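Input: a single structure, listed below in structure tokens.
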Amino acid sequence: MLSLEDFRSDDPIAWCPGCGNFFILKALKNAFVELGKQPTEIVIVSGIGQAPKTPHYLRCNTFNGLHGRTLPVATGIKLSNHELTVLAEGGDGDGYAEGGNHFIHAMRKNIDITYLVHNNQIYGLTQGQTSPASDLGHVSKTTPKGSPSPPMNPIMLAIASNCSFVARGFCGDIEHLTYLIKEGISHQGFAFIEILQNCVSFNKTNTLKWYKDRVYNINDEPGFDPTNRMQAFERAQEWGAGIPIGILSRTERPALDTQVSAIKEMPLVKQGINPASFAGIVESFR
Amino acid sequence: MLSLEDFRSDDPIAWCPGCGNFFILKALKNAFVELGKQPTEIVIVSGIGQAPKTPHYLRCNTFNGLHGRTLPVATGIKLSNHELTVLAEGGDGDGYAEGGNHFIHAMRKNIDITYLVHNNQIYGLTQGQTSPASDLGHVSKTTPKGSPSPPMNPIMLAIASNCSFVARGFCGDIEHLTYLIKEGISHQGFAFIEILQNCVSFNKTNTLKWYKDRVYNINDEPGFDPTNRMQAFERAQEWGAGIPIGILSRTERPALDTQVSAIKEMPLVKQGINPASFAGIVESFR
Amino acid sequence: MSLDITIRIGGQAGQGMQSIGYIIGKIFTGHGYHVFMIQDVESRIRGGHNFVQIRIKDGPVHAVGDKVNLLVALDRVVIDEDLHDLAENGVMIFDGAKTGFKSDNPNHLDVPMERLAKEAGKSKVMLNTVATGAVFAVLGTDLRPLQDRLLKQFAKKGDNIVENNKRCASAGFQYVKEKFQDLPSYNISLRPSRRGKMLINGGEALALGAVCSGLKFYSGYPMSPSTSIMEFVGAMAEEHRIILEPAEDEISAINMAIGASFAGVRAMTATSGGGFCLMAEGLGLAGMTETPVVIVLAQRPGPSTGLPTRTDQADLWFAIHAAHGEFPRAVFAPGNAEQAFDIMGKAFNVADKYQTPVIVLGDQHLNDSYFTVDEFDTTKITIDRGKIFSDDQIPSPMDYKRYAWDDSGISPRILPGQTRAVLYAASDEHTEAGHITESAAVRNQMMQKRMKKIEGMRREMKKPVIFPSEKSDVVILGWGSTYGAMKEAVEMMNRDGLKSRMVHFSEIFPFPPMDVSAIFSKTTRIFAVECNYTGQFADLFHFETGIPVHHKILKYDGRPLSPMDIITEVKARI
Amino acid sequence: MSLDITIRIGGQAGQGMQSIGYIIGKIFTGHGYHVFMIQDVESRIRGGHNFVQIRIKDGPVHAVGDKVNLLVALDRVVIDEDLHDLAENGVMIFDGAKTGFKSDNPNHLDVPMERLAKEAGKSKVMLNTVATGAVFAVLGTDLRPLQDRLLKQFAKKGDNIVENNKRCASAGFQYVKEKFQDLPSYNISLRPSRRGKMLINGGEALALGAVCSGLKFYSGYPMSPSTSIMEFVGAMAEEHRIILEPAEDEISAINMAIGASFAGVRAMTATSGGGFCLMAEGLGLAGMTETPVVIVLAQRPGPSTGLPTRTDQADLWFAIHAAHGEFPRAVFAPGNAEQAFDIMGKAFNVADKYQTPVIVLGDQHLNDSYFTVDEFDTTKITIDRGKIFSDDQIPSPMDYKRYAWDDSGISPRILPGQTRAVLYAASDEHTEAGHITESAAVRNQMMQKRMKKIEGMRREMKKPVIFPSEKSDVVILGWGSTYGAMKEAVEMMNRDGLKSRMVHFSEIFPFPPMDVSAIFSKTTRIFAVECNYTGQFADLFHFETGIPVHHKILKYDGRPLSPMDIITEVKARI
Ligand SMILES: Cc1ncc(C[n+]2csc(CCOP(=O)(O)OP(=O)(O)O)c2C)c(N)n1
Ligand SMILES: Cc1ncc(C[n+]2csc(CCOP(=O)(O)OP(=O)(O)O)c2C)c(N)n1
Ligand code: SF4
Ligand code: SF4
Ligand SMILES: [Mg+2]
Ligand SMILES: [Mg+2]
């Protein structure tokens, strides 16, 4: 039996006390333990920001790459060794600003990875500037007169991009978040989990309490059916007095890694190189 | 009175005979003439590909920039001189693959430009490879066993990105396309017009006839209301026996260029530089 | 006796060390002294081990000192790690109750800063103001200028805040005065308040230089250590009618700036290495379409993400060669705040005149360090927008050629929206008219046209600063932000009888035309000084002048070079 | 008498010139001759003025000829623009009815190709096969090998297509035989069909080299002239179980390849200048995380979009310095198809052994040109995956350190999924364990560790090819795809009594260790030969060896250098 201890890392944590990232870290470890995943079979690909420091603070294979480029790296890893459990992790800046193009295409391709976006609605590590997820009118040093643009809606974007698993979690509800991460990992295909995360240093509006007063679990609602895309799209627009969390949309379609003939029999990395097989390769040039 | 002649360019056309781009060029000129726009007040920013050659073939200010980067350039131009009529133009590879990130963010910001995507569902200029708009199973040299991924749905993406004007035209219906371009240019905010375009050299499936047999004008449908976002999203999913063209979604919200205080009075480019105004600028460093 | 004192304020990120340093810097700058202050911070928002270090002199100061005279430890980690940097007879201010540290060294002043903050300011976060008061007591200055400064600083935040701060400052000040009466104070007397000097960091100077040169459009994506430029432009945007457009990524940032410039306004962006990588394609686009654009590349240690909050000078070759193909560009690297301000004006002029991209290299050390400088004279700025035809200058409207041949390589622009002609710009190789071409002859002509601009640009580049003027065999060669360390090192060596001079480049590429024989002879020993691993400028210098460098003094740990780093190495090698 | 004949087939894009050239090339290669073929095409799909030019020799051939012996004009524009390139006594085949061109020159053969195609093949698009038949008639060879080839080529498309093609070939052949009986034919007799030689272009050779070195993962985004590599890998993917992943952009392409390599398979991408700009950040990521990756940078004329379908060598400095910060990388530049094949194997070995990115520079001339080569011997390929710990080699599983110090700079990797340990890789500066660090000491150690690899890599780099072995005062210095032109130029000059030798580099960076005195003496005159504006390799060579180049022979119009380009300049300057 695995325990949380198996996922302990000695790397000292560099987050601010009170940061929502601590809860997310906890939920992630919980999910791994509950799924019985070995640290060695997990890879987390993270970007640059506060959120991407996460994998250093637990024990699992880690590729802490570039700002905004988690998904291509994760795709390369998954296609090369699909036996691995591959996650990608980053902030809203990382995923929705710098990495926006990879986001929409990874969802379309439905590669079997789980993507966690810690959305604190600002660029945290660079000291709190406005991100594409910041509220309309949000004041920061890069929008001193308030952001003139409404925030993007990543849930709607995901649904429109044909994402096969779209969920929203909240760092303040570790148990529910653990559940979502487990579902996401178990889902065969691209699982997008946006996590509402407080930032005590730079986001004074969307605080832990602010969220607590608003979030509700949409999956508790009898009439709500996540396999109904139109319903999901409609509910994804909700943001105000009530903010739905839970699995918003879930559809079944083949994951990219199940469609690639080269790895139908075994992972690419296990196939080795067989120089003998190249003997006839020059034939077509004769 | 302006005439088509005012938009004539002597640059020899490098498209294949029969290419849908010829019709689009025609519609574009028509629209300018009918709107009474002077060539000098128009700027077209284009990318790289077959579609982006378009502005060379008419008379207007042209910035023929990089593959995939039309929208940022167009944004910079519009914000600096909002009296100009600014269009961006490119192919599906340019706009949906390389330029995907700018696409979603320009729509979110609602900058007042008109964006024409000539969608021939392949990379034309580089000889017909699979693009993110290619059909599931599409065979080309980069997907010799057929594309394993479904095409993206740019219309849904646009609606999810809060695009304030979303339309689809067809190169084979010049009159209707002319109408859409006129509406798009007149719309205050980001106008996205995807244009179904045949490629005689590389797309042997989605031919002119194939489209002719399928497209219908959704705006002719009495019950259809483009200001109803949910309806638009639902109908955007239609692709098969019937393919809707027309204005699919239209909402009113302030364009970015109307929200920027620096240009409330006059275009940035007309403001000039006034060194005297810097006299007190060092005050805060004392 | 002349004053030269170094104060380090260390603690966790978020404890407000910067604000202590800034207030001290402002006050001393305003009262007749010179100040130089660096920031040494980790890439985190709270916690860790960080400090600011401020040096106060009664004459010009250009670099950090090696020993700390006064250490302010806001946290235990500072005591553990920094105490050994304290000079003999140096003084430390710490909070025994908070840190659990005990010492019977009379120079270690246990000031209960947290308690005093709670008592006087009703919040322990005001401990930094208490510390500031304590510092002033140790320095032996009046409390008054500090109180005045706090008023100025916090006036906008309301009387309550001002009062609490004043009380905290006073509490720290009095506590030290009373408890440590035996401590020999520095007895610094602040001179009468004086205008004409200001305190500014390199990033602010770059931003200010840009704004005063007519910057109208800034697009960017935050990246340390360039972000402060964007933020500072933001702070000035409203008043000076500048558009600050936050981009979704750096690719967008540079392309937006190019668009704005094409439309006719002065436009820039700033970034650091990773973002600059992403801008490389846009750089080439500006080169090919001949669109002016200014890019500040604020260097930090790489490769890749590296050390985000630290300093380095390892992007020189990359800046010179970024983007495929060959096209003209200029590369500048100011050495201090004055040069930073001046060079931005020049960068815009060169960009406009030669219709080409210009890169200004900063780095964390330059951008984040505060300098006491003479107030910038904004009236001296000249603005040259280059050749732009007005409507009536356009020779043949139906046949205007954006890339018309000219022996200088420069073709007159028009702006979109002018009423008499349209223009075509293209990233493909193009005809004079701007249309795509396949012609070998036209290609040759256009390559020659573009590359010809380099000759003109080279003539614009300023020669290096050489100091002192007397010849000497030891030459300290450097560029960019090592200016201050070089200056102090040379001053100290000459004072010690080791004859030496510095040769500092701030205008780098195209490499300025220079008569090297005036500086270098057979007996000259050249010590190149840089913050990188390979000695990039040394190689460039060798390549451009044919003169090899004898020794490379290199530092690449992310910390700035100090004068002693240079002197020690020079002495060891001659 | 020895055979050396140059055939140019010109026409509009889409008229199938490539296929004529390819068929001729295959047949002559298969029957004892050597062939070299270039493609000169515009950036369009239909129309314009394009040609392939094929040179057939009975001995090795490396470069294009300057005069055309047989011109096949499929379109009027070819007659208008290319006729002046025809050698004295050269022959032109054209279609008078189609082009409206008339000539009473007996060497201008009016063959109604379009009509014959319609008659014999039921479609005018088969005019290219008619033309092929006509060419064979002029050359005086048998029709049989052509018929055989057409069968082989079109077998997959069905009997009907084969038959139509055969009939068209025959129609063209017979028409010329009958109508132009007076024409002195070349009377080339094809030698007996022979194995051991093959016809391959540079792009195919690069792809083949990669596949035969165990390439498992290719991610890319099309960009001329690199696209053929991607497409050719695609053609081999199914059989050799390679994943070909079309990326949404080049940033994704390089990051996917890095991910795949991190997971343990050999991975690559290919692109051209604009795409490489976008990959620069990923290049640095590979450098910092020490992840092997191979990038083919197929050069074309820039800056920016430039001339997409033409050739250039102007990305050398960029390849060497791309990405911020300092880290090891290798840069190769094969000169022909054999070298292309071999170098890909080496590139993967160096990448794996040194855990570092490797750049292979191709260009349009190399990638799109066809060479007759000895059949590649795939059994000679050695594969060195570098240090990868198996599970039982991991010394301390709970404490495995991905970046453990080693004097070679190389730390043993493990792969994710191994059962005894996990690994941390980070783009921030990191500890030996791979965690983010702020420590100056660790930073120094890690920089040294990474940079140490350069020494080892330098020792792996092959010395230049020097030919002939006898010393001479004239040295032709070059790199990459100018190999063939250099070779032929030197052969011709020596034949003409102008003693000269070539020094050709295909392994460029880290610059190979070499004893330059063996090649260069005081009387040596070095002519650097490159396709760029500034003479990039000449500068690198000077910089690395201290030896200045005397003359730069530069061409930058997008067309390949010919032997005569070199000879003419050399003669003019000595
Ligand atoms: C290419 C590039 N651009 C910019 C940066 C600087 N940068 C580092 S983290 C960050 C933003 C972080 O915001 P987010 O992704 O939301 O993460 P958070 O810190 O809020 O968790 C930025 C802009 C970078 N590292 N690389
Ligand atoms: C950064 C970059 N990558 C790749 C290319 C090569 N390229 C030129 S056009 C093109 C695709 C064109 O497809 P699309 O945008 O759909 O336009 P179309 O030709 O089909 O009209 C590509 C990949 C490029 N010019 N720049
Ligand atoms: S700045 Fe915000 S997101 Fe970053 S660690 Fe602190 S609280 Fe968390
Ligand atoms: S290749 Fe296709 S898109 Fe391009 S010009 Fe030809 S028909 Fe049009
Ligand atoms: Mg964030
Ligand atoms: Mg297309």
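Any value given below was found using the heavy atoms of this structure, including those in side chains, with hydrogens, waters and symmetry copies removed. For clarity, every value in this text was computed on a predicted model and none was experimentally measured.
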Between [options], which has the largest tally of heavy atom pairs under 4.5 Å with chain C?
options                       : result
B:D10, B:T40, B:I263, B:T85   : B:T40
B:I273, B:N61, B:V45, B:V260  : B:N61
B:L256, B:L84, B:N81          : B:L84
B:K109, B:H102, B:E41, B:E265 : B:H102
B:G65, B:G68, B:C60, B:A279   : B:C60
B:L79, B:I48, B:I42           : B:L79

Inset, instruction - Kindly state whether the ring of C:F28 and the ring of C:H34 have centres lying under 6.0 angstrom apart. - result: no

Inset, instruction - State yes or no: are the ring centers of C:H430 and C:H435 separated by less than 6.0 Å? - result: no

Legend entry - chain C contact via B:P55 - which portion, at a heavy-atom distance below 4.5 Å: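 Just its backbone gets close to chain C.
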
Inset, instruction - Examine whether an atom of B:Q271 lies under 4.5 Å from a heavy atom of chain C, and if so say whether it belongs to the side chain, the backbone or both; otherwise answer neither. - result: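 It is the side chain, since no backbone atom gets that close.
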
Legend entry - Inter-chain contacts: residues 14-31 of chain B against chain C, heavy atoms under 4.5 Å: none

Inset, instruction - Decide whether B:Y123 and B:E98 meet the rule of one side-chain donor and one side-chain acceptor closer than 3.5 Å. - result: no

Inset, instruction - With a 4.5 Å cut-off on heavy-atom pairs, point out which of C:L244, C:T378, C:T29 contacts chain B the most. - result: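 When all of C:L244, C:T378, C:T29 are compared, C:T378 has the most.
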
Inset, instruction - Decide yes or no for B:V43 and B:T62: does some side-chain heavy atom of the first lie under 4.5 Å from some side-chain heavy atom of the second? - result: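 No - every pair of side-chain heavy atoms lies 4.5 Å or more apart.
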
